[in-house]
Protein chains: 2
Amino acid sequence: MAEPRWRQIADDLRQKIEDGALGADGKPLPTELELQDEYEASRNTVRDAVKWLVGRGLVYTRSGQGTFVSQKIDPFVTVLQPNEPEGESTAFAFAVKNRSRTPDLSVPRVEIQVAYGVVAAELGLAAGASVVSRHQRRLIDGVPYSLQTTFYPMALVEQGATRLIQATDIAEGAVHYLEDLFKFKEAGRRDRFAVRAADANESAFFVLPDDGRVGVFELIRTGFDEAGQPFRVTVTTLPTDRNQFVLENGKVPALADGDDAPKSSSAEHKP
Amino acid sequence: MAEPRWRQIADDLRQKIEDGALGADGKPLPTELELQDEYEASRNTVRDAVKWLVGRGLVYTRSGQGTFVSQKIDPFVTVLQPNEPEGESTAFAFAVKNRSRTPDLSVPRVEIQVAYGVVAAELGLAAGASVVSRHQRRLIDGVPYSLQTTFYPMALVEQGATRLIQATDIAEGAVHYLEDLFKFKEAGRRDRFAVRAADANESAFFVLPDDGRVGVFELIRTGFDEAGQPFRVTVTTLPTDRNQFVLENGKVPALADGDDAPKSSSAEHKP
DNA sequence: GGGTATTTGTCCGTATGTATT
DNA sequence: AAATACATACGGACAAATACC
């Protein structure tokens with residue numbers, strides 16, 4: 001069996017979808033019963049084919065309704081400035097370009113936790129040391145955008161940064177607050193980018209499909225003082241299906257507001 | 001049916017795997033037949049459960065052998081310097097830290113293409129203009145690392161940059177070659193980061209699972225001259241399952257060589 | 001709101017193919 | 001060659017979700 005039957009069917013459907021012969025203008029694909037007749041295969045076999053398309057994100061199914069081709073979504077574009085000018089927003093510097101989108105920020109949930117794993121490693125703390133965590137959810141135009149938690153060594157609070165443990169937004173940004181309070185500068189930052197599977201919390205908040213197809217960006221930003229000592233770690237997660245990042249270096253023309261985010265270039269660099 | 005049977009089984013298996021009760025030390029999970037007995041479900045149902053785990057990347061199956069829990073892989077860490085000092089490697093500045101890894105670079109495949117889509121948009125060319133594309137594959141320690149294509153307007157070749165259309169490596173870097181030849185500087189760069197599904201070529205080169213679970217980073221780097229005119233676009237794709245990026249800004253302590261890349265922080269910032 | 005038809009989701013049993021040991 | 005284990009494929013029954021009258 002060179003190519004399994006379900007795979008042949010899947011490839012055929014994909015071709016027809018890309019040609020626009022199927023599912024155009026939001027119409028559903030043929031029902032499983034119809035496909036069963038068309039391909040002379042059992043319903044379970046055509047279902048396997050459709051499942052493969054679902055796994056590729058090409059189509060989605062709705063119980064009781066049918067199978068539809070997925071629409072590309074207009075991504076959030078987050079610009080990471082290399083040299084932040086000033087007044088960055090809370091904890092994670094970001095700017096979302098595009099047509100008058102309205103951000104929405106939850107009240108921070110503040111907790112005292114024990115540092116472990118990544119947080120302890122990044123802050124250079126012994127596993128078991130206390131940290132303050134400030135957690136926030138972001139929405140843009142009502143769409144879940146990011147989950148963010150910033151961790152500070154408990155020592156900062158003991159030295160007077162009491163606003164860190166209040167569950168209210170720090171308007172000027174927590175980092176700025178610390179800079180003002182302690183008369184120092186965040187001299188450097190290191191960002192780590194990775195992609196991993198979404199956990200249950202993220203799947204629920206971002207409303208991701210259950211099959212684990214859509215991962216999340218995990219951004220770990222560590223802030224250092226002049227002495228090279230880390231004093232905060234911010235962990236931000238964002239779903240990969242609706243987010244892009246832009247990094248600018250040196251002299252770069254402004255990104256036009258209506259500038260379309262690239263869809264895909266896969267056809268353009270093939271081996 | 002609050003929770004489907006297959007999902008209950010999947011959750012139970014996941015729990016046991018995470019507890020180390022199953023699949024530890026490389027031993028296979030119980031066979032489908034054994035699971036069928038254990039859970040008193042049909043073989044198809046336990047297969048559905050296992051499929052879900054496979055989709056999550058928690059286990060993999062090998063025909064004729066069994067089902068095994070996936071091992072975490074030691075990721076490549078690519079450092080993106082904000083202000084490249086000098087002598088960046090060909091076309092895409094990168095540095096892979098870690099234990100004496102040996103990079104491997106294919107001979108470039110050079111083509112003359114018609115610009116369209118992303119490339120035309122980024123280079124500010126009319127769709128239909130000619131571009132030179134230089135495509136390379138990278139391996140690290142024999143493991144496929146990236147696919148990369150850089151596009152230059154054909155006009156550069158007509159103005160004398162003839163080495164661009166030769167299928168030989170440009171040791172000092174193509175950008176450096178252009179800078180020397182035309183006495184100008186790459187004054188700025190814009191990087192776009194996105195994640196998308198791998199296409200067939202990428203799946204084959206990177207040896208990705210067929211189910212589309214693993215996406216690829218797509219990095220689009222556009223280089224601008226002093227006048228703000230784009231003169232090259234580099235498209236790089238790397239699988240998300242084995243790559244991380246690090247971005248440093250300002251004064252940051254050196255990244256230790258053996259510094260472990262973070263596994264996951266999902267447990268540490270939950271709503 | 002209720003009922004019904006449509007469509008996908010779950011679950012079962014069975015048979016046979018293919019890869020690996 | 002034989003045994004084992006996963007992969008493919010079929011057919012059937014019922015459940016759950018949705019739309020529509």
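Being a predicted model, the structure only gives us computed values, none of them experimental. Chain naming here is simple, since letters A, B, ... match the order of the sequence lines and numbering starts at 1 in each.
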Find the distance [X]:[atom1] to [N]:[atom2] and express it as a whole number of Å.
X	N	atom1	atom2	value
B:Lys51	C:dG9	NZ	P	13 Å
B:Glu3	D:dA15	CD	C1'	16 Å
A:Tyr60	C:dG9	OH	C1'	17 Å
A:Arg5	D:dA9	CZ	C1'	11 Å
A:Asn44	C:dT16	CG	P	18 Å
B:Asp37	C:dC12	CG	P	13 Å
A:Tyr39	D:dC10	OH	P	14 Å
A:Glu40	D:dC10	CD	C1'	14 Å

What residues form a ring pair (Phe, Tyr, Trp, His ring centres under 6.0 Å) with B:Phe206, not counting sequence neighbours?
none

Going by distance alone, is a donor N or O of one side chain under 3.5 Å from an acceptor N or O of the other, for A:Asp19 and A:Gln15?
yes

A:Thr236-A:Tyr145 side chain donor-acceptor pair, cut-off 3.5 Å
no

Look for any protein N or O under 3.5 Å of an N or O in nucleotides 5-7 of chain D and output each such pair with its distance, or none.
from, atom 1, to, atom 2, distance (Å)
D:dC6, OP2, B:Glu32, N, 3.0
D:dA7, OP1, B:Thr61, OG1, 3.0
D:dA7, OP2, B:Arg47, NH1, 2.8
D:dA7, N7, B:Arg43, NH2, 2.9
D:dA7, N6, B:Arg43, NH1, 3.3

Given 3.5 Å as the limit, does a donor-acceptor pair link the side chain of A:Glu122 with the main chain of A:Val119, or not?
no

Are A:Phe193 and B:Phe193 an aromatic pair by the rule of ring centers under 6.0 Å?
yes

Donor-acceptor pairs under 3.5 angstrom involving side-chain atoms of residues 55-63 of chain B: please list them, not counting sequence neighbours.
from, atom 1, to, atom 2, distance (Å)
B:Arg56, NH2, A:Asp210, O, 2.5
B:Arg62, NE, B:Gln65, OE1, 3.0

In Watson-Crick or G-U wobble terms, with both distances under 3.5 Å, the base opposite D:dA1 is none

